[in-house]
J.: 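Okay, handing you the structure first.
As the structure lists them, so they are numbered: ligands from 1, and atoms in each ligand from 1. Model, not experiment: these values are computed from the prediction. Just so it is clear, the values below take in all heavy atoms, side chains as well, and ignore hydrogens, waters and symmetry mates.
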Amino acid sequence: VFSNLTPPRVHRVIEDCRQEFNARRPTVGNVGETYANTLNYTNHEINSGLQRAVSVSPSEVIAELTVSGLRGRGGAGFPTGIKWNLASKAKGDCKYIICNADEGEPGTFKDRIILGKYADMVFEGMTIAAYSIGAREGVVYLRWEYTHLKPHLEAVLEARRKSNLLGADILCQKGFCFDIRIHMGAGAYVCGEETALIESLEGRRGEPRNRPPYPAERGLHGQPTVVNNVETLATLSCIISRGAKWFSSMGTERSKGFKLFSVSGDCSRPGVYELPWGITVDQLLETVGGQGAKAVQIGGYTGQLVPARQFDRRLAYEDLGIGGSIIVYSAERDMLEVAENYLEFFVEESCGQCTTCRVGNQKLLEGIRLLQQGKCSNRYLNDLISLSETVKLASKCGLGQASPNVVIALNAHFKEEIMARPILGAA
Ligand code: NAI
Ligand code: SF4
């Protein structure tokens, strides 16, 4: 499905073609499941992490998580134990756990697979978090495009309530009361940014706030709030069940454990893979049938475009730290069309608060189109690079801070493609 399409529409392809993909793989049910190898999730004994958590003190649970080295799986990789510790110490009338299920990064679909197959582990992780920081209410902020998952998630929640895994006196622990509700997003990519998500939950436009204060200190309704990604919550259930030592024995020095990667684009085996941190891009491409690629986008559109000559780089926070999405580009791809696609996406999804992001991305898109038409001067190309740096520096949230990456990467790694079109002399 992916390789037969013209380049610019990869981010839409993943949603648009889901049904077609499923029809082609009737036993699969979801994009990627054929190749999913989520061994650690499959082997997890549901609720064993929660049972172990309530048998020790909240601070011991946080200490275990800190020692494990788990870093947030949403993309930024902030240490989960530190976040929980801050929230547990912050003063508030009530505290909240939010599961960020607004998985909007183009090329990312691992959380969809987790929610479809391992929802219990996500809710288990939220309940462990609630026990650890003293929260009474949890919210799953579910991407509007994942509405089809809601009935399933509601059914799992109801079963957990019936089994005394949610509600009052959970697992007969007097005073440990916690419940989870699902809140539907409305299709805005920027609501995956945690403070925009919180604004949206509070009934306002989904626009990022200034940080600090971070949600761990002041989040939903001004109260201490832990916002964790779906994968982070599922993974920590395994960690609390099997111990920090087990988890930290996998991966690399600064990237402990295993990770789920959503792989799409020009490869013969797209899907969700559970892999240890530290493998090289080359090894990954071999696994997914993407040999001969010209470039790989690591970490979705907000990540890094890595050219073939750098395929010996490692997927790990020491080198290429990523949220979990890999898009493969074959030798036939036109990188200017790829860049146009990225910028069209960011122009559409910018919330518009920052002039640099609102106007800057439009200008970058115009510049890419001038390059495509052979109507760009050398001087203007230099101006585009300088504008990219300004947009990165002066934008408030991750969207604007990362959207110009593709222009910078194009100039750094694919200059020959730019120069293959006519470039006008100095303006
Ligand atoms: P960030 O580094 O600012 O924050 C990451 C997390 O750590 C947040 O929860 C934040 O509250 C917490 N944190 C950071 N510093 C803290 C401090 N001093 N005290 C307390 N808590 C602190 O990154 P951000 O802007 O939240 O996320 C950017 C990432 O999101 C990018 O890596 C991007 O790739 C990824 N992303 C993922 C998407 C997806 O669909 N999974 C969509 C779009 C972006
Ligand atoms: Fe909104 Fe863009 Fe500014 Fe983020 S960087 S707050 S998306 S305008």
J.: Report yes or no: do S262 and S325 form a side-chain donor-acceptor pair below 3.5 Å?
T.: no
J.: Please work out which of the three classes, parallel, tilted or perpendicular, describes the rings of W277 and Y317, given edges at 30° and 60°.
T.: tilted
J.: Does the side chain of Y141 pick up a donor-acceptor pair with the side chain of S200 at under 3.5 Å?
T.: yes
J.: Applying salt bridge (charged side-chain N to carboxylate O under 4.0 Å, His left out), name anything that partners E207, two or more places apart in sequence or on another chain.
T.: R205
J.: Quick check for students: name every N or O atom pair between ligand 1 and the protein closer than 3.5 Å, with distances.
T.:
| residue | atom | partner | partner atom | Å |
| --- | --- | --- | --- | --- |
| ligand 1 | 3 (O) | R211 | NH2 | 2.6 |
| ligand 1 | 9 (O) | K83 | NZ | 2.7 |
| ligand 1 | 9 (O) | E194 | OE1 | 2.5 |
| ligand 1 | 9 (O) | E194 | OE2 | 3.4 |
| ligand 1 | 11 (O) | E194 | OE1 | 3.3 |
| ligand 1 | 11 (O) | E194 | OE2 | 2.4 |
| ligand 1 | 25 (O) | R211 | NH2 | 3.2 |
| ligand 1 | 26 (O) | R211 | NH1 | 3.2 |
| ligand 1 | 32 (O) | G75 | O | 3.3 |
| ligand 1 | 32 (O) | A76 | N | 3.4 |
| ligand 1 | 34 (O) | T302 | OG1 | 3.3 |
| ligand 1 | 40 (O) | G104 | N | 3.2 |
| ligand 1 | 40 (O) | E105 | N | 3.0 |
| ligand 1 | 41 (N) | G74 | O | 3.3 |

J.: Anything protein N, O or S sitting under 2.8 Å from atom 2 (Fe) of ligand 2: count it and give me the total.
T.: 1
J.: Under a plain distance cut-off of 3.5 Å, with no hydrogens placed, do N361 and S403 share a side-chain donor-acceptor pair?
T.: yes
J.: Could you tell me which residues satisfy salt bridge (charged side-chain N to carboxylate O under 4.0 Å, His left out) with K392, sequence neighbours excluded, listed by chain and number?
T.: none
J.: Going by distance alone, is a donor N or O of one side chain under 3.5 Å from an acceptor N or O of the other, for E105 and T302?
T.: yes
J.: So, Y214 versus T195: side-chain donor-acceptor pair below 3.5 Å or not?
T.: no
J.: Would you name the heavy atoms of C191 and L197 that are closest together and state the gap between them?
T.: O-CB, 3.0 Å
